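Let me begin by presenting the structure, written as structure tokens, before commenting on it.
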Amino acid sequence: MLVLLAGIFVVHIATVIMLFVSTIANVWVVSDMTRASVGLWKNCTGVNCDGALEYAHEDALKAVQAFMILSIIFSVISLVVFVFQLFTMEKGNRFFLSGATMLVCWLCIMVGVSIYTYHYAGGQQTLYDRSHHGYCFILTWICFCFSFIIGILYLVLRKK
């Protein structure tokens, strides 16, 4: 049981770190023609990342930014609640609060990445004729899967 709890804890920490990286870094869409990439916050050309996004005023991008920040917040809250419940909860109870919070994180990731995929992942808005998904986009989908698995495991898991 201790190994299972430690494994879930490590995967949860990895998910939080990957969410931070994917939200902060500016490599969501990468150009195939030049050394340029686009993120949620900036447009990067070469090593210079101080270009403003041409579509920064759009509500869809602001919604993606908000949902990604909310997913980080809910993931950290879920981690803190899990540690708190681990030491204060009676034996036989389930980690309902941590699981519910992590599933809210999962929902925020799903909404944010779905909006980004619909509006920007095809490269039409990023002004790159040929582009592919960057590592931040892929990391976010991995966090989507991890947060769902962790949330379900918290709901099923009993403290022994």
Side-chain angles (χ1 to χ4, degrees), residues 7-85 95-155:
I8 292 172
F9 185 73
V10 168
V11 172
H12 196 145
I13 288 177
T15 303
V16 170
I17 292 170
M18 288 189 297
L19 275 173
F20 269 112
V21 169
S22 66
T23 303
I24 293 171
N26 291 308
V27 191
W28 281 64
V29 175
V30 179
S31 171
D32 290 338
M33 305 301 275
T34 61
R35 292 191 57 201
S37 64
V38 174
L40 297 179
W41 313 100
K42 297 280 185 186
N43 187 7
C44 298
T45 307
V47 294
N48 189 8
C49 274
D50 53 0
L53 292 173
E54 296 178 8
Y55 50 89
H57 63 282
E58 293 184 12
D59 292 336
L61 182 66
K62 292 180 187 210
V64 173
Q65 292 170 343
F67 277 111
M68 290 308 296
I69 290 171
L70 280 173
S71 70
I72 292 171
I73 291 169
F74 281 116
S75 182
V76 170
I77 288 173
S78 177
L79 185 64
V80 169
V81 167
F82 172 68
V83 171
F84 179 74
Q85 284 182 330
F95 296 93
F96 282 125
L97 190 56
S98 357
T101 312
M102 197 62 187
L103 288 177
V104 171
C105 167
W106 168 74
L107 186 65
C108 289
I109 295 171
M110 181 180 67
V111 171
V113 176
S114 297
I115 293 171
Y116 190 86
T117 302
Y118 179 75
H119 286 282
Y120 307 110
Q124 299 91 330
Q125 297 285 343
T126 60
L127 302 178
Y128 296 143
D129 292 333
R130 293 181 26 204
S131 62
H132 63 275
H133 302 300
Y135 72 88
C136 292
F137 185 77
I138 297 165
L139 267 182
T140 307
W141 280 112
I142 292 171
C143 290
F144 170 77
C145 297
F146 281 175
S147 62
F148 180 73
I149 292 168
I150 292 169
I152 296 299
L153 281 176
Y154 282 156
L155 291 178

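Since this is a predicted model, take the numbers as computed values, not measurements.
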Item to complete: Take Y135 and V21 through the test side chain to side chain contact (heavy atoms under 4.5 Å, CB included) and record every step on the way to the result.
Response: CA-CA 10 Å; Y135 72 88; V21 169; 4.1 Å; yes
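- Across all their heavy atoms, S147 and I109 have their closest contact at OG-CD1, 3.8 Å.
- Between the OG atom of S78 and the CD1 atom of I150 there is a distance of 8.0 Å, given to the nearest 0.5 Å.
- The minimum heavy-atom distance between I115 and A60, with the atom names listed, is CG2-O, 3.7 Å.
- Looking only at side-chain heavy atoms (C-beta outward), W28 and T140 come within less than 4.5 Å of each other.
- In this structure, the side chains of M102 and T15 come closer than 4.5 Å at one or more pairs of heavy atoms.
- Two residues are said to be in side-chain contact when any heavy atoms from C-beta on lie closer than 4.5 Å; L155 and L103 meet this criterion.
- Smallest separation of non-hydrogen atoms from C136 and S22: O-CB, 3.5 Å.
- Looking at heavy atoms from C-beta onward, L153 lies out of side-chain contact with F95 at the 4.5 angstrom threshold.
- L79 contributes atom CG, which lies 15.0 Å from atom CZ of F74 (distance to the nearest 0.5 angstrom).
- A distance of 11.5 Å separates CG in L139 from CD1 in I17, rounded to the nearest 0.5 Å.
- Considering CZ of F148 and CG of L107, their distance stands at 11.5 Å, rounded to 0.5 Å.
- Checked against F137 for a side-chain contact (heavy atoms from CB on, under 4.5 Å), the options T117, V29, V27 give a single hit: T117.
- Residues C105 and L19 approach most closely at SG-CD1, 4.0 Å, considering heavy atoms.
- Between the CD1 atom of I72 and the CZ atom of F67 there is a distance of 14.0 Å, given to the nearest 0.5 Å.
- Scanning both residues, I138 and H133, for their nearest heavy atoms gives CD1-O, 4.4 Å.
- Note: H12 and Y154 have tilted aromatic rings, judged against thresholds of 30 and 60 degrees for the angle between ring planes.
- Residue S37 holds its OG atom at 13.0 Å from NZ of K42, rounded to the nearest 0.5 Å.
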Give the C-alpha distance, both sets of side-chain angles, the deciding distance and a yes or no for side chain to side chain contact (heavy atoms under 4.5 Å, CB included) between I24 and W41. CA-CA 8 Å; I24 293 171; W41 313 100; 5.6 Å; no
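- For the pair Q65 and L40, the tightest heavy-atom approach, listed with the atom from each and the gap, is NE2-O, 2.5 Å.
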